[in-house]
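These notes are about the structure you will find just below.
Note that these values count all heavy atoms, side chains included, but never hydrogens, waters or copies made by symmetry. Per chain, numbering begins at 1; letters A, B, ... match sequence-line order.
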Amino acid sequence: MIKLQHVRKVFADANFTALGDVSLDISDNEFVTVVGPSGCGKTTVMNILAGLDFPTGGQALVDGETISGPGPDRGVIFQQYALFPWLTVRKNVEFGLRTAGVPRAERRRTAEHFIDLVGLSDFADALPRTLSGGMKQRCAIARAYAVNPSILLMDEPFGAVDALTRVRLQEQLLRTWSQEKRTVVFITHDVDEAVFLANRVVVMAARPGRIVEVVDVDLPYPRTEEMRLSPAFTALRNRVWSAVYHQETVA
Amino acid sequence: MTVVQADAEVATASAPAPGRRRGVPKAVLNLISVGLGIAIWWGFSLAGHDIPAPPEVLSRGRELVADGTLLDDVLASLGRVLAGFVLGVALAVPVGFLMGWYGMVRGLIEPWVQFFRTIPPLAIIPLAVVLLGIGETPKIFVIFLASFLACVIATFQGVVGVDKTLINAARVLGARDGTIFARVVVPASTPFILVGMRVGLGSSWATLVAAELIAAQQGLGYRMQSAQLYYDLPTIFVGLISIGVLGLLMDRILLFAERRLTHWQERR
Ligand SMILES: Nc1ncnc2c1ncn2[C@@H]1O[C@H](COP(=O)(O)OP(=O)(O)OP(=O)(O)O)[C@@H](O)[C@H]1O
Ligand SMILES: [Mg+2]
């Protein structure tokens, strides 16, 4: 259970209010997507949830406790892939297991499982520089999954891949999520993607960063390609779209 | 977007590669260039500029190899360079890491590093000779200083420049400071350290020969210095060529190590 209570974030050195007053509850195993224009504070929210940055006002809680730093309960997939370039796919995926002191054999088995899950078995011993953007992203997903976090924080993970790969990755992500249930906070600025993946879409606006609307998506899982064309989907997408688009005039 | 950009970069970076990688033309060009250089040298000596002709230098080289002087000199010079260089790097790497990792250490050490960096190591020689005598110590000390300064700055910059996202990625995977240092900061700054080592080796080698010109009983610099007294140009040429070839060899060895250790880097 994630709880943001009147979270404010002011970057003192720049004297810039990145987050005005953000309040949001996310329950366990929920898939929440966050959409909003560039610079509205999405990454800032994620950093706070990850424990890499701290609010300057209000409170950020996980399971009732104030977030005091990164923890193994929260896996993060960064906007830039952030793979360790000197480690192979396998070693990248094993990184978190190694810091947790998991014995070698078990480490290997777990890594194998998640590499397989994201379809990178043939590239387990490849270095990141030899992977395409989509493959790097899947490696980052496997690495985050491997430590078995109950919360996954994903910052525009599919931002840098082509449309087709993107659709595949979305389906793969939903499949993985339905196999291994977790709370997912997924940041994107693609409205289609936000609606397709989520239980709930959180729409943010900038200056100061704030939540302007939360849209419930009551389409059943598994989500299929046909659903993307359904009137229900289109209606939801339009609603989210106008919430993102019309905020200029509102603000 | 980023992918498109990256691909474009890779494309431009590797575009000339097929031509380069064919290898043979480049090697041939190098050979032609060397041959031309020797021909020009020969031309100058024929034109009577007091310059010894290549065969003369070659036969002097043979003599010096035959009576063992050249080998002794090379070993003496290499021994000094390696001793100073190894000491310099061995101290520079931990100091560079400390400077990059702890702001306080940086504040304390940086002014000195920056100050000594502006002094050419050669300018330290007179002081070193007066304080440390004319034995091996002042020469090794000066070489040590040269390689230390080059390497400490490179290491420090490598540590400071480590991508913050990689550190964050390690943190969210449960890594603490020690682990982050050993498994992120060290590998991420290795390319910088290796470049620093190459620069350091180059400046060590240059400093060494000059140090030997001043006070030594053996070594390539000494040999050239004493040849100068007898106007023995062929020996000077043999010395110069040996210095150049050895310097090049050492650089290639480090370059090779660099390639091996940092093959994971993008764009190479
Ligand atoms: N360390 C910082 N110091 C000062 N300002 C910052 C800092 N980090 C972020 N900001 C500002 O806070 C705002 C929100 O940044 P954030 O990275 O959260 O945006 P975002 O919604 O993730 O944008 P994008 O979609 O482009 O990734 C931006 O205007 C940015 O300039
Ligand atoms: Mg962002």
Looking at B/L173, is its backbone amide N or carbonyl O close enough to the side chain of A/T99 to form a donor-acceptor pair, meaning the two atoms are under 3.5 Å apart? yes
Just verifying a value: how many Å separate [X] [atom1] and [Y] [atom2], rounded to the nearest 0.5 Å?
| X | Y | atom1 | atom2 | value |
| --- | --- | --- | --- | --- |
| A/D53 | B/N168 | CG | CG | 9.0 Å |
| B/W264 | A/L87 | CH2 | CG | 9.5 Å |
| A/W86 | B/T262 | CH2 | OG1 | 12.5 Å |
| B/L166 | A/Y81 | CG | OH | 14.0 Å |

Heavy atoms only, distances under 4.5 angstrom: which of [options] has the most pairs with chain B? Name it, please.
| options | value |
| --- | --- |
| A/V147, A/L153, A/L52, A/L127 | A/L52 |
| A/R74, A/K136, A/R98 | A/R98 |
| A/A140, A/A100, A/G96, A/P149 | A/G96 |

Using non-hydrogen atoms and a 4.5 Å limit, figure out which bit of A/I77 sits close to chain B: side chain, backbone, both or neither.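 For A/I77, neither part sits under 4.5 Å from chain B.
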Ring of A/F95, cation from B/R183 - is the NZ or CZ under 6.0 Å from the centre and inside 45° of the axis?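 The answer is yes; both the distance and angle limits are met.
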Does [X] [atom1] have over 12 foreign heavy atoms under 6.0 Å away?
| X | atom1 | result |
| --- | --- | --- |
| B/Y102 | OH | no |
| A/R182 | CZ | yes |
| A/E65 | CD | no |

Which atom names give the shortest non-hydrogen contact between B/R171 and A/G51, and what distance separates them? NH2-O, 4.2 Å
Heavy-atom closest pair (A/A82 atom, B/A169 atom, distance to 0.1 Å) is O-CB, 3.8 Å
Considering only heavy atoms and a distance below 4.5 Å, find which of B/D163, B/T165, B/V172 pairs most often with chain A.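 The residue among B/D163, B/T165, B/V172 with the greatest pair count is B/V172.
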